[in-house]
Amino acid sequence: MILIGERINAGFKDIARAIRDHDPGPIADWARRQAAAGADYLDVNIGAASRDPADMAWLVGVVQEAVPTPISVDSNRPEVLKAGLSALDGRPALVNSTTADDAKLEQIVPLAAEYGAGIIGVAMDERGSPQDVTRRVENGAKIFVACVEAEIPPEKIFLDPVLMPIRFMQEQTPKVLEAIREYTLLSDPPPHISVGLSNIASKTKERSLIARTFLVMAMAVGLDAAICNVLDEELWAAVATAELILNREIYSDGYLKAFRMRRGQVDAR
Ligand code: THG
């Protein structure tokens with residue numbers, strides 16, 4: 001599983017303030033904590049804290065100075081994505097994200113190709129968020145084809161079926177699982193498949209339980225990446241156990257410890 005740390009996002013008040021004040025402290029701190037927890041990428045998003053693309057370049061610079069972890073540059077604005085990519089020091093990166101509408105595909109897919117970055121394609125389009133499996137599959141396939149035509153290799157393409165809050169859109173969750181299964185059939189080898197995991201638990205009381213239960217169910221049908229709370233130890237334990245059940249990990253009584261060591265996790269206790 002590829003786990004992408006979600007915490008450097010201006011949706012969180014401490015990060016919004018740090019971006020507005022150009023205070024590197026909390027950002028470097030969250031970068032170190034998520035890297036120590038074993039994150040494969042750190043998602044960075046200036047959100048509504050700033051309209052200035054230069055602030056994304058600043059944010060990427062702060063994270064790069066703190067840790068060597070690859071970066072997922074998260075914005076729906078091409079100029080913000082470009083500013084983040086241009087600040088990279090050569091480490092691997094993801095463009096998060098394009099959608100399936102032509103205007104976005106035409107601008108964002110070439111950016112990812114130009115910078116040699118991977119790309120996450122979210123199955124939304126000019127009509128907004130998908131409400132059924134078919135739209136998710138059509139949009140995912142359209143993004144996949146656009147990326148392949150731009151010569152982005154399948155191992156750098158991530159499709160995101162759009163996970164929605166279970167509290168408000170409960171009927172969407174099984175459709176997301178179905179779409180994940182369909183994405184695995186698009187090519188051989190298939191693209192990566194990723195979700196914004198915390199979306200599902202928004203405004204719920206059992207955030208951690210809902211997120212990790214969805215994650216193991218989605219892993220069983222082909223999910224192999226998630227933007228998530230990498231500081232949640234129960235989430236890691238569920239991932240390790242799901243890998244075991246899917247026979248990707250050898251059973252031993254010490255499998256949890258072996259998994260943590262293989263992930264290079266630094267004990268925070
Ligand atoms: N797909 C892709 N990228 C994404 C998303 C996605 N990037 C942003 C988002 N969705 C994933 N990141 C987060 C980060 C935090 C939270 C949810 C998703 C979160 N928010 C709290 C809530 O909703 O209750 C509020 C924050 C707070 O506690 O202050 O947990 O889907 N490709």
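Whatever order the structure lists them in is the order used to number ligands and atoms, beginning at 1.
Defined by atom type and a distance below 3.5 Å, a donor-acceptor pair is present between the side-chain atoms of Asn96 and Asp43. For the residue pair Arg77/Gln107, the side-chain donor-acceptor check at 3.5 Å is not satisfied. Side chains of Ser208 and Glu234: a donor-acceptor N/O pair is absent below 3.5 angstrom, by distance only. Checking Thr241 against Tyr255 by side-chain atom types alone, a donor-acceptor pair falls below 3.5 Å. In summary, the side chains of Thr99 and Asp101 do present a donor paired with an acceptor at a separation below 3.5 Å, with no hydrogens or angles considered.
Asp29 and Arg7 are not joined by a salt bridge, as no carboxylate oxygen comes within less than 4.0 angstrom of a charged side-chain nitrogen. Under the 4.0 Å criterion applied to side-chain N and carboxylate O atoms, Asp40 and Arg263 are assigned as salt-bridge partners.
Considering only non-hydrogen protein atoms, atom 16 (C) of ligand 1 sits nearest to Ser198 CB, 3.8 Å. Counting protein heavy atoms only, atom 28 (O) of ligand 1 is closest to Phe12 CE2, 3.7 Å. Summary of contacts: the protein heavy atom closest to atom 23 (O) of ligand 1 is Ser202 OG, 3.0 Å. Scanning the protein for heavy atoms near atom 14 (C) of ligand 1, the closest one is Glu6 OE1, 3.7 Å.
Remark: ligand 1 and Asn199 share an N or O pair separated by less than 3.5 Å (distance only, no angle test). The distance criterion of under 3.5 Å between nitrogen or oxygen atoms is not met by Asp43 with respect to ligand 1.
In this structure, the side chain of Arg136 does not engage the main chain of Lys175 through any donor-acceptor pair within 3.5 Å.
Less than 4.0 angstrom separates atom 2 (C) of ligand 1 from at least one non-hydrogen atom of the protein.
Listed by atom number, the atoms of ligand 1 under 4.0 Å from Ile120 heavy atoms are 32 (N). Every atom of ligand 1 is numbered from 1 in the order shown, and the set under 4.0 Å from a heavy atom of Gly196 is 6 (C), 31 (O). Per-residue contacts place Asp160 under 4.0 angstrom from the following atoms of ligand 1 (heavy atoms of the residue considered): 1 (N), 2 (C), 6 (C), 31 (O), 32 (N).
Distances from ligand 1 to the non-hydrogen atoms of Ile227 include at least one value under 4.0 Å.
Atoms OG1 and CG, on Thr173 and Leu163 in that order, are 6.5 Å from each other to the nearest 0.5 Å.
Closest to atom 24 (O) of ligand 1 by heavy atom, among Met124, Arg207, Arg7, Met164, is Arg207. Remark: among candidates Asp74, Leu159, Asn96, Leu163, the nearest residue to atom 32 (N) of ligand 1 is Asn96, based on non-hydrogen atoms.
At a 4.0 Å heavy-atom cut-off, ligand 1 touches Val122 through the side chain alone.
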